[in-house]
Visitor: 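There's a structure below that I have some questions on.
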Amino acid sequence: MNGFLFKKHPKGKQYAFSIAIIIFVSGICFGLSEFLGYRVVALILLFTVSLLAITLDILPVLLAAALSAFIWNFFFIPPRFTIHVYSTEDTILLIMYFVIAMINAVLTYKIRQAEKISRLKEERANSVKLYNTILDSLSHELRTPLAAIIGATDNLQTNHHLTKENKEQLIAEISKASLRLNQQVENLLNISRLESGHIKPKNDWCDMTELVYDVVKRVEENNPGRKIQISINQSMPLCFLDKGMLDQVLYNLLNNAAIHTASDSTIGISVSCHADLLNIMVEDTGGGFNDVDVKHVFDKFSRSKDLKTARSGLGLSIVKGFTEAMSGTVDLEKVNPNGSRFVVSIPVKTSLIKFAEV
Amino acid sequence: MSKAEILIIDDEPQIRKTLEITLQTNGYLSKSAVSAKEGLIMAANHPPGLILLDLGLPDENGHVVLQKLRQWYTNPVIILSVQKNEEDIIKALDNGANDYLSKPFRTGELLARIRSALRDAVTEDGDTTLNFEDIQVDLAARTVKKNDQLVKLTSTEYNLLSLLIKNEGKVLTHQYLLRAIWGPGYINQSQYLRVFIAQIRKKIEDDPNRPEYLLTESGVGYRFISKA
């Protein structure tokens, strides 16, 4: 395993490392050359080159092979301290040594390449699986509201027996479905922003009280009848962060809680800031996630199997993605008896302006 | 007073249709243009009372259209945009747009913006007192009353509030407000603005956490509206 870690080092370091190891091992052998035959030294050096082949890129290994062949010839094969080789046997040995060391390097390299290819194949298979899940989920999430809209408009256009009340209900359905579609599109855009990998937070001073109340208002509007309890210290400092990202994090957490819990359960959000660490807790008392869910809840398109309420499962991966983009963490804890609590922690710069200054 | 004529410049037929119906049933006259070129010609031939301009036109960038319009057209322009891109919105406001709406928008929102944009264009008379439900502002005496009680405002708070009130219904960008109240050296000191807005809300709003007058346009600026 160590070898794979070492592979990430820059080329220069690898060359230095392979030269150093060969010189070190040769040095020890040189010290012991009274007790060791020079052929044993060849085996020891070959062994060293093989070990290097496991850990290093091919070029540093080839260098080690060449260097060790030279050292063996110069320092060990009689006559010592010359590059001359007298006996034919030794010449053959030297050539064999060099060839085996090379083969060693090349073969190990090839094995590693093969490993890499099979790993890539596996990743591709996984992404195909993810892609299929996305398609399944998307077609469901987009088609359901579309079906509602098409059904309702058809009815309004062709059904002449509709009462005024019926019509109002159908129109309300169209409105609800289109808002849901809009939210889905918003989520997809956010996910593609996160997937593209290069989103940077655009930080500005943010009044947390204002943000929290604004998000809560939107969640309550989109989930009629739900009330969310807010607990936020009135002397909360201004926080330097990306308001748009945090908005999405809080909206998805609260909206999720509102969708997945019984209408009589309580949802609460509390915000505090200690030593430049912003802590946000979103708690509910109902529904809850089971133990399996807790592990997978932040995975893309994960959806609790017990829940009938259909949603794409993008919400919590957006929460995780944006929180991490702001260098923060998010965790899910279970709260007795069957509630759940999301804890978001984000390191922030804070500012408490005194009025005398302005 | 005859009803204002509104020119819609948008290439999407569905949006044009919906807008036309909304406007006509609410007592406005409306005309539509499907491209920047057509829109500019129609605006020049018969200047409308207000223009709804889509930023994403096929033949020309909406920002350029806006700049061309603003060389001679002085009535309100409201921007419609599919992207909630704050930089885009700020750029449009800096280029002379009176307001913006990002698609999809609610009809009520659209009508409210049109009303306040048209009011901007009409009222510029000598009256120095303004009334909004339970708030009265006397611009000459520099006083603000809430429920007939004098509101104690610092000089900076008053300047900020009265600037927003004079532009009632209109979004003022962070940079604009910072420059106007604190000066050009302060346009990046957005924390001042946050603090003062929070402070003013405590004095004029029934519930400062659920403001009804002084609204935040996230990432863009602030807007003072009269309570619906």
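Naming: A, B, ... by sequence-line order, numbering from 1 per chain.
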Visitor: Tell me if the NZ atom of Lys145(B) is crowded by more than 12 foreign heavy atoms within 6.0 Å.
Guide: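 Not buried by this count: 12 neighbours or fewer within 6.0 Å.
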Visitor: If the condition is side-chain contact (heavy atoms from CB on, under 4.5 Å), which residues does Ile89(B) pass it with, not counting sequence neighbours?
Guide: Leu93(B), Tyr100(B), Val220(B)
Visitor: Are the side chains of Glu87(B) and Lys202(A) in touch, meaning some heavy atoms are under 4.5 Å apart?
Guide: yes
Visitor: For atom CZ of Arg142(B), decide whether the heavy atoms of other residues, nucleotides or ligands shown that lie under 6.0 angstrom number more than 12.
Guide: yes
Visitor: Enter the distance from Leu238(A):CG to Ser190(B):OG here, rounded to the nearest 0.5 Å.
Guide: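 Leu238(A) CG to Ser190(B) OG: 8.5 Å, rounded to 0.5 Å.
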Visitor: Between Arg194(B) and Glu210(A), is there a salt bridge with N-O shorter than 4.0 Å?
Guide: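 So Glu210(A) does not pair with Arg194(B) through a salt bridge.
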Visitor: For Leu179(A), which atoms come within 4.5 Å of any heavy atom of chain B: side chain, backbone, both, or neither?
Guide: side chain
Visitor: Once rounded to the nearest 0.5 Å, what's the spacing between atom OG1 of Thr216(B) and atom CG of Leu211(A)?
Guide: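 Between Thr216(B) OG1 and Leu211(A) CG, I get 10.0 Å after rounding to 0.5 Å.
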Visitor: Is it the backbone or the side chain of Asn182(A) that comes under 4.5 Å from a heavy atom of chain B, or both, or neither?
Guide: side chain
Visitor: Please check this pair: side chain of Arg210(B) against backbone of Tyr213(A), looking for a donor-acceptor N/O pair closer than 3.5 Å.
Guide: no
Visitor: Measuring from atom CG of Asn209(B) to atom CG of Asp214(A), what distance do you get when rounded to the nearest 0.5 angstrom?
Guide: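 Rounded to the nearest 0.5 Å, the CG-CG separation comes to 11.5 Å.
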Visitor: Just how far is it from atom NE2 of His174(B) to atom CG of Asp204(A), taken to the nearest 0.5 Å?
Guide: 7.0 Å
Visitor: Counting only heavy atoms not in Glu221(A) (residues, nucleotides, ligands), do more than 12 fall under 6.0 Å from its CD?
Guide: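 Enclosed: over 12 neighbouring heavy atoms sit under 6.0 Å from CD of Glu221(A).
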Visitor: Give a yes or no on whether Arg143(A) atom CZ has more than 12 heavy-atom contacts from other residues, nucleotides or ligands under 6.0 Å away.
Guide: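 Atom CZ in Arg143(A) is not packed in, count stays at 12 or less.
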Visitor: So if I take each residue of residues 16-26 of chain B and look for any heavy atom under 4.5 Å from a heavy atom in chain A, which residues do I end up with?
Guide: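 Interface residues of residues 16-26 of chain B: none, nothing closer than 4.5 Å to chain A.
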Visitor: At a 4.5 Å cut-off on heavy atoms, which part of Ser178(A) comes close to chain B: side chain, backbone, both, or neither?
Guide: neither
Visitor: Is Lys217(A) in contact with chain B via its backbone, its side chain, both, or neither, using a 4.5 Å heavy-atom distance?
Guide: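 When you check distances to chain B, no heavy atom of Lys217(A) falls under 4.5 Å.
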Visitor: Can you confirm whether Lys103(B) is buried at NZ, in the sense that more than 12 heavy atoms of other residues, nucleotides or ligands lie under 6.0 Å from that atom?
Guide: yes
